[in-house]
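By convention here, the first residue in the shown sequence is residue 1. Both backbone and side-chain heavy atoms feed into the values below; hydrogens, waters and symmetry mates do not.
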Amino acid sequence: MDGFYHQPVLLQAVVEALVIRPGTVIVDGTLGGGGHSEAILRSNDSVRVVGLDQDDDALEAAARRLIEFQDRIMIKKTNYQDAKTVLGQMGLDTVDGVLLDLGVSSHQLDTGERGFSFNRDGALDMRMNRSCGMTAAHVVNTYTEFELEKIFREYGEEHQARKIAREIVRRREDKPFSSTLDLAGFIEKICGGRHGKIHPATKVFQALRIEVNNELGALQNGLEGFSGLLAKGGRFAVITFHSLEDRIVKHYFRDCSQEMIDHPTWASARKNPRHLFSLVTRKPVEATDDEIRANPRARSAKLRIVEKI
């Protein structure tokens, strides 16, 4: 593994969003290669960071990158949805800021053997934590036609979900899918070839990755878990890269930022029992043209921020 793991997006915006003060404790729930954590640690010489990730490659890369800050960063292998338990074991009941940078890293996409990319040959794996869980091959080769169609439609927003699911089930009876290029090539063929810049397998691969890693379930659990860990005045910053994630974050932050709620069957509005935050950003922060030119992956990034009341 080379020294470059992943180029973080919206770096300056994240540092500003978290309002880092002396003695602040920040949780980087998706540590990755450590790019955001490095910027946070450099912003103040007394800030401490707890970095969480479930990917061994990421943990190794981040440990190397952040070696000079080893007295101010604590790195733990875990899925961020389990942060409350892990932080409790560390004696941390509250924190001053949380960052989640969702989605797949450049390293994961560029390493064929991880199975995330339809452009690189490798086993159909897609597990972010390779020590547990099911692989993408298991999903493709054992899920029913109905189950495949459902995840392709819901997680990939794939318009040809039914056709792709049906043809996958037919093909696997003769020859199960085992490699990324095999699956990608098959999808390209049954969809009539490539039209434009977007590969026909893009949405299917996204859907499989989300299913394998239970990404949307982890996100919902993580949002609720971190909300309870944040101290008053603490900031919660989340970067999303596709509409499914962004919708979950947007609705959760909105619903927990309303002081009063109403319903047609009620005589009057009532106090919101889930009123936890004030919105810092009503619209998401997006990358500048300069950042997009330097890092095309930033084009789809959206940063939403709330503050604990």
**Asked** Roughly how far apart are Ile75 CD1 and Glu60 CD, rounded to 0.5 Å?
**Response** 11.5 Å
**Prompt:** By side chain to side chain contact (heavy atoms under 4.5 Å, CB included), which residues pair with Arg130, not counting sequence neighbours?
**Reply:** Asp57, Glu113, Arg114, Asp125, Arg127
**Fill in**
Minimal heavy-atom distance between Val15 and Ser43, with the atoms involved, is CG1-CB, 3.9 Å
**Message:** With side-chain contact (heavy atoms from CB on, under 4.5 Å) as the criterion, how do Thr240 and Leu219 come out once you've worked through the C-alpha distance, each side chain's angles and the decisive distance to 0.1 Å?
**Reply:** CA-CA 11 Å; Thr240 63; Leu219 175 56; 5.6 Å; no
**Request:** For Asn221 and Tyr80, run side-chain contact (heavy atoms from CB on, under 4.5 Å): C-alpha distance rounded to whole Å, both residues' side-chain angles, the deciding distance at 0.1 Å, then the answer.
**Result:** CA-CA 9 Å; Asn221 292 337; Tyr80 66 79; over 6 Å; no
**Asked** Which heavy atom in Arg282 sits nearest to a heavy atom in Leu279, and how many Å separate them?
**Response** NH1-CD1, 3.6 Å
**Prompt:** What distance separates His138 NE2 from Leu124 CG, expressed to the nearest 0.5 Å?
**Reply:** 13.0 Å
**Prompt:** Can you hop from Ile210 to Phe177 via hydrophobic side chains spaced under 4.5 Å?
**Reply:** yes
**Request:** Side-chain contact test, heavy atoms from C-beta onward, threshold under 4.5 Å: evaluate it for Asn129 versus Asn79 and give yes or no.
**Result:** no
**Request:** Show your reasoning for whether side-chain contact (heavy atoms from CB on, under 4.5 Å) applies to Leu52 and Leu31.
**Result:** CA-CA 5 Å; Leu52 310 177; Leu31 182 61; 5.9 Å; no
**Request:** Name all residues meeting the side chain to side chain donor-acceptor pair (under 3.5 Å) criterion together with Glu68; count only those two or more places apart in sequence or in a different chain, and write none if there are none.
**Result:** Arg42
**Message:** Within the structure provided, determine whether Leu229 and Val27 are in side-chain contact (heavy-atom separation under 4.5 Å).
**Reply:** no
**Message:** Rounded at 0.5 Å granularity, tell me how far CD in Glu215 sits from OH in Tyr155.
**Reply:** 10.0 Å
**Request:** For the residue pair Met128 and Phe116, establish whether any side-chain heavy-atom pair is separated by less than 4.5 Å.
**Result:** yes
**Request:** May I ask whether Met90 and Leu230 are part of the same hydrophobic cluster, defined by side-chain heavy atoms of I, L, V, M, F, W, Y residues being less than 4.5 angstrom apart, directly or through others?
**Result:** yes
**Of all pairs that satisfy side chain to side chain donor-acceptor pair (under 3.5 Å), the ones with a partner from residues 248-269, not counting sequence neighbours** = Ser227-Tyr252, His263-Thr265
**Item:** Flag side-chain contact, heavy atom, 4.5 Å: Ile239 against Leu102
**Value:** no
**Request:** Taking side chain to side chain contact (heavy atoms under 4.5 Å, CB included) as the test, write out the residues that go with Glu149, two or more places apart.
**Result:** Arg153, Ala161, Arg162, Ala165
**Message:** According to a hydrophobic-cluster definition based on side-chain heavy atoms being under 4.5 Å apart (Ile, Leu, Val, Met, Phe, Trp, Tyr only), do Leu181 and Val204 belong together?
**Reply:** no
**Prompt:** Looking at Val140 and Leu148, what are the two nearest heavy atoms and their distance?
**Reply:** O-CD1, 4.1 Å
**Prompt:** Taking only residues at least two apart or on different chains, which pairs with a member in residues 298-309 satisfy side chain to side chain donor-acceptor pair (under 3.5 Å)?
**Reply:** Arg235-Glu307, Asp246-Arg304
**Prompt:** Among pairs that include at least one residue of residues 166-178, which meet salt bridge (Lys or Arg N to Asp or Glu O under 4.0 Å), considering only residues two or more places apart or in two chains?
**Reply:** Glu167-Arg170, Arg171-Asp182
**Message:** For Val9, is there any backbone N or O sitting under 3.5 Å from a side-chain donor or acceptor partner on His36?
**Reply:** yes
**Message:** Checking Gln54 now: which residues fulfil side chain to side chain donor-acceptor pair (under 3.5 Å) with it, not counting sequence neighbours?
**Reply:** none
**Request:** Output the distance between atom CZ (Phe186) and atom SG (Cys191), rounded to the nearest 0.5 Å.
**Result:** 9.5 Å
**Request:** Give every residue pair that meets the salt bridge (Lys or Arg N to Asp or Glu O under 4.0 Å) criterion with at least one member in residues 74-94, sequence neighbours excluded.
**Result:** Asp56-Lys77
**Item:** Listed partners of Ala201 passing side chain to side chain contact (heavy atoms under 4.5 Å, CB included), at least two apart
**Value:** Phe118, Ala184, Ile187, His199, Phe205
**Prompt:** How close do Glu211 and Ile151 get, heavy atom to heavy atom, and via which atoms?
**Reply:** OE1-CG2, 3.7 Å
**Cluster link Leu11 to Ile20, ILVMFWY, side chain under 4.5 Å** = no
**Asked** Any side-chain heavy atom of Leu100 within less than 4.5 Å of one from Phe226?
**Response** yes
**Asked** Taking only residues two or more places apart in sequence, or in another chain, which ones meet Ser243 in a side chain to side chain donor-acceptor pair (under 3.5 Å)?
**Response** Glu157
**Heavy-atom closest contact (Ser46 atom, Pro22 atom, distance)** = OG-CA, 3.1 Å
**Request:** Applying side-chain contact (heavy atoms from CB on, under 4.5 Å), run through Phe69 and Glu38 and close with a yes or a no.
**Result:** CA-CA 8 Å; Phe69 306 105; Glu38 180 182 10; 4.1 Å; yes
**Request:** Report the hydrophobic cluster partners of Met260, with the cluster defined as I, L, V, M, F, W, Y residues connected by side-chain heavy atoms closer than 4.5 angstrom, directly or transitively.
**Result:** none
**Asked** Does the side chain of Leu216 come within less than 4.5 Å of Gln220's, by heavy atoms?
**Response** no
**Prompt:** Is the backbone of Ile305 close enough, under 3.5 Å, to the side chain of Thr281 for a donor and an acceptor to pair up by distance?
**Reply:** yes
**Message:** Please report the interatomic distance CG(Leu223) to CD(Gln81), rounded to the nearest 0.5 Å.
**Reply:** 11.0 Å
**Item:** Check: Met126 and Thr135 side chains under 4.5 Å, non-hydrogen atoms
**Value:** no
**Request:** Look at the side chain of Asp53 and the backbone N and O of Leu59, then say whether any donor-acceptor pair between them is shorter than 3.5 Å.
**Result:** no
**Fill in**
Of all heavy-atom pairs linking Ala62 and Gly32, the shortest is CB-O, 3.5 Å
**Asked** What distance separates Leu66 CG from Ile73 CD1, expressed to the nearest 0.5 Å?
**Response** 4.5 Å
**Prompt:** Is there side-chain contact between Ser117 and Thr180, with at least one heavy-atom pair below 4.5 Å?
**Reply:** no
**Message:** Using a 3.5 Å distance criterion without hydrogens, assess whether the side chain of Arg72 forms a donor-acceptor pair with backbone atoms of Leu41.
**Reply:** yes
**Request:** Return each pair, listed once, that meets side chain to side chain donor-acceptor pair (under 3.5 Å) where at least one residue sits in residues 11-34; pairs must be two or more places apart or across chains.
**Result:** Gln12-Glu16, Asp28-Ser37
**Prompt:** Should Val19 and Leu276 be counted in the same cluster of Ile, Leu, Val, Met, Phe, Trp and Tyr side chains packed under 4.5 Å apart?
**Reply:** no
**Prompt:** Is the side chain of Lys163 donor-acceptor paired with the backbone N or O of Ile190 at a distance under 3.5 Å, no angle test?
**Reply:** yes
